[in-house]
Every structure is written in C-alpha cells, then in structure tokens.
Novice: 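Let me give you the structure first, and then I'll get to my questions.
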Amino acid sequence: MTASEATTKRVLLAKPRGYCAGVDRAVITVEKALEKYGPPVYVRKEIVHNRHVVDTLRERGVIFVEETSEVPEGALVVFSAHGVSPAVHTEAEERNLRTIDATCPLVTKVHKEVNRFDREDYDILLIGHEGHEEVEGTSGEAPDRVQLVDTAEDVDQVQVRDPEKVVWLSQTTLSVDETMERVDQLKERFPNLADPPSDDICYATSNRQVAVKEMAPECDLVIVVGSKNSSNSKRLVEVALQAGATKAYLVDYANEVDESWLDGVSTVGVTSGASVPDVLVMELLEWLSERGWADVEEVTTANEKIAFALPREIRDARERSSVR
Ligand code: 0CG
Ligand code: SF4
C-alpha cells in the first residue's frame, strides 16, 4: 500500500453504538436463567432482534417460540426485551408457566403511560411500526383506546372521540426526526394534541442516531451492523443517508459486505444497533483493515453509563449490590 492510499482510506467509528442497557439486561437474564434452571429455557419471540445473539443462545439450549401456547405446561418462559401485552401474561398464568419478564424498563414506562392516559379517558395515538412486537405489547395495554400511526396516511385515518383529549406516545426505537414530522402532521389535525410526559424514544436509540449524524456527512459509505428485523438498526441506515452519507447498508456479519460497496470509497463509517454485540463490529473492522481501511477514528457524541437491575427471579445478593 502506498502512503497516499493509507491517508485516504479511513474508518470513522461511531460511539455510542451497540448494546444498550435494556438489551444487556435481557441477554444476561436468559444466560442466568440457563445457568440457574438448566436447559431448556423457553423464550417468547427473539429475546432481542439480533441473529447472532439468538443463534448463540439457541446453541446453549434456549428454545425460541412465537407464542406461549407452544411452551409446555409448567415450563419456564422468558418474555423478550420488547415487552408483552397483559393478555400474554394472562395466557401464561392460565398455562401455569413460570415466567421471567425481560421487558426493558423503558418499554414498561411507555406501557404505564398508556395505562395512565387510558384511565384519564384519552384517545392514544401510538406512533410506531405496524407488526413490531413492541407496539403489539404496548397497544395491548388498552386495545380499545390505542390507534397505531405508522405512515403519513395513517394520520388522516385516525378517528378520535374528543379532539381535545388526545395524546401521542411512541415506540422506543423510531427515527427521532421522522417521529417529530409525524407529530407535526398530527398536530395539524389535532391542535391540542398532548405530548408524552417524557421522551418515549429511548436514550440509546437517540444517542446512536446523533452519533451517526455526526459522522455521516464525511462518509462515502456507512455500514451499520444489525439485523433486518431490528427497528433501531434499520433507522441508523436511514439516518445516515439523510445526514449525507453517499451509501449506507445494514449487515449482520462482516462477510455480508459486498466488496463493490468499497469502490471509490475513502471514508467508511461504522456503527451498530442497540442489540448488536461489539464483537461483530470488531470483526467488521478487521475485515476492513485487511482491505486497507486500517486507520480507525472514534467519533464520540455521548458516554452512556446507564444500567438496569436484573429481574428479581435471577438476581442474587452479589448482583443486587453491584447493579444498584
Ligand atoms: O430496535 P428493535 O425494537 O427492533 O429491537 P432490538 O432488539 O434490535 O434492539 C433494542 C431492543 C430490545
Ligand atoms: Fe430499552 Fe431502548 Fe434498549 Fe429498547 S433500545 S431495550 S427501549 S434501552
């Protein structure tokens, strides 16, 4: 490699990236459940939306199911980080399942907001992606009161009982900018639309978007490590493109990168979704380094220190003191 090539090929590495506190807690919960109770441990839906995490846990004895009805009577089932509706808890009780709830506390917070506005007799407009597990769980707290707003067309479709008593809430893993656009559209229809008591889009989602926005204008290519069903990871690709990256792609593994993406590229931006183990990012950096992109500069826009206590079923005395 010539000196001039070395100076023109560089990698910008976003920070924060990768695991958030809710994902860390959910993955540790399943690992501890395996340790404490032994396999098989059932998990309803993917514990987090990452192929590598799911495949690794499956190899260790986790059985992933779509619904609690697939779990044998009396067995142990973990609920995923994205949350479940009260109906799922009821079904698990009826089947005498032992349950551990790995729902992220920041998702639970949105469930509680739904309960509160339902009690106060509001119509609730939940901004989120149709079919995503989190919105299914959140809507399930008050199915008669919650309407999903996904696309701009949905804004025109919603019908409320009293336009003076409407609140918007959201999925935790949306694009911050796109959500605010949707809110502005909703406010054109409902000028007195109430805002959520605090941000529903979580710190991890918004921090990862801020970091990618910072580096994207300098990038000819942004590679986001994450799975295709991971909402927050997919949003990072969109945000990178909107913020000025020439190209942006989502990959589960380094070996999915198409070498042609690197044609004519000088600066490669790298980041990862909130459900992505950092080892996968390190493998991508290694892959890029083998092709001449060995100069890595971290672009830091926040330092995250947040951690959540584990569910009580798998907390032991030592862990209790370390996490509090
Ligand atoms: O981003 P979503 O909500 O699809 O989930 P993922 O598992 O990828 O990461 C955060 C969580 C839980
Ligand atoms: Fe919780 Fe946010 Fe992580 Fe989802 S992305 S698990 S809401 S911290």
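In listed order, ligands and their atoms are each counted from 1.
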Novice: Show your reasoning for whether side chain to side chain donor-acceptor pair (under 3.5 Å) applies to Thr301 and Glu214.
Specialist: CA-CA 8 Å; Thr301 50; Glu214 175 83 11; over 6 Å; no

Novice: Does some side-chain heavy atom of Lys109 sit less than 4.5 Å from a side-chain heavy atom of Asp200?
Specialist: yes

Novice: Test Lys247 against every option in Val268, Ile223, Leu221, Leu262 by the side-chain contact (heavy atoms from CB on, under 4.5 Å) rule and name the one that passes.
Specialist: Leu221

Novice: Apply side-chain contact (heavy atoms from CB on, under 4.5 Å) to Glu136 and list each qualifying residue two or more places apart in sequence or on a separate chain.
Specialist: none

Novice: Parallel, tilted or perpendicular for His49 and His82, by the 30°/60° rule?
Specialist: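 If you compare the ring of His49 with that of His82, the planes turn out parallel.
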
Novice: Which N, O or S atoms belonging to the protein are less than 2.8 Å from atom 3 (Fe) of ligand 2?
Specialist: Cys20 SG

Novice: Does the side chain of Gln242 come within less than 4.5 Å of Gln209's, by heavy atoms?
Specialist: no

Novice: Under a 4.0 Å N-O cut-off, is there an ion pair linking Arg182 with Asp154?
Specialist: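 Salt bridge absent between Arg182 and Asp154.
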
Novice: Which one of Arg51, His52, Arg58 satisfies the side-chain hydrogen bond (donor to acceptor under 3.5 Å, both in side chains) criterion with Asp55?
Specialist: Arg58

Novice: My understanding is that only one of Tyr249, Trp293, Trp287 makes a ring-ring contact (aromatic ring centres under 6.0 Å, His included) with Trp261; could you say which?
Specialist: Tyr249

Novice: Show me which atoms of ligand 2 lie under 4.0 Å from any heavy atom of Tyr203.
Specialist: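 Those of ligand 2 that fall under 4.0 Å from Tyr203 are 8 (S).
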
Novice: Taking non-hydrogen atoms within less than 4.0 Å of ligand 1, which protein residues qualify?
Specialist: Val23, Val48, His49, Ala81, His82, His132, Thr173, Asn229, Ser230, Ser231, Asn232, Ser275

Novice: Please tabulate, one pair per line, all N/O donor-acceptor pairs under 3.5 Å involving side-chain atoms of residues 21-30, not counting sequence neighbours.
Specialist:
residue : atom : partner : partner atom : Å
Arg25   : NE   : Ala309  : O            : 2.6
Arg25   : NH1  : Thr103  : O            : 3.0
Thr29   : OG1  : Arg25   : O            : 2.6

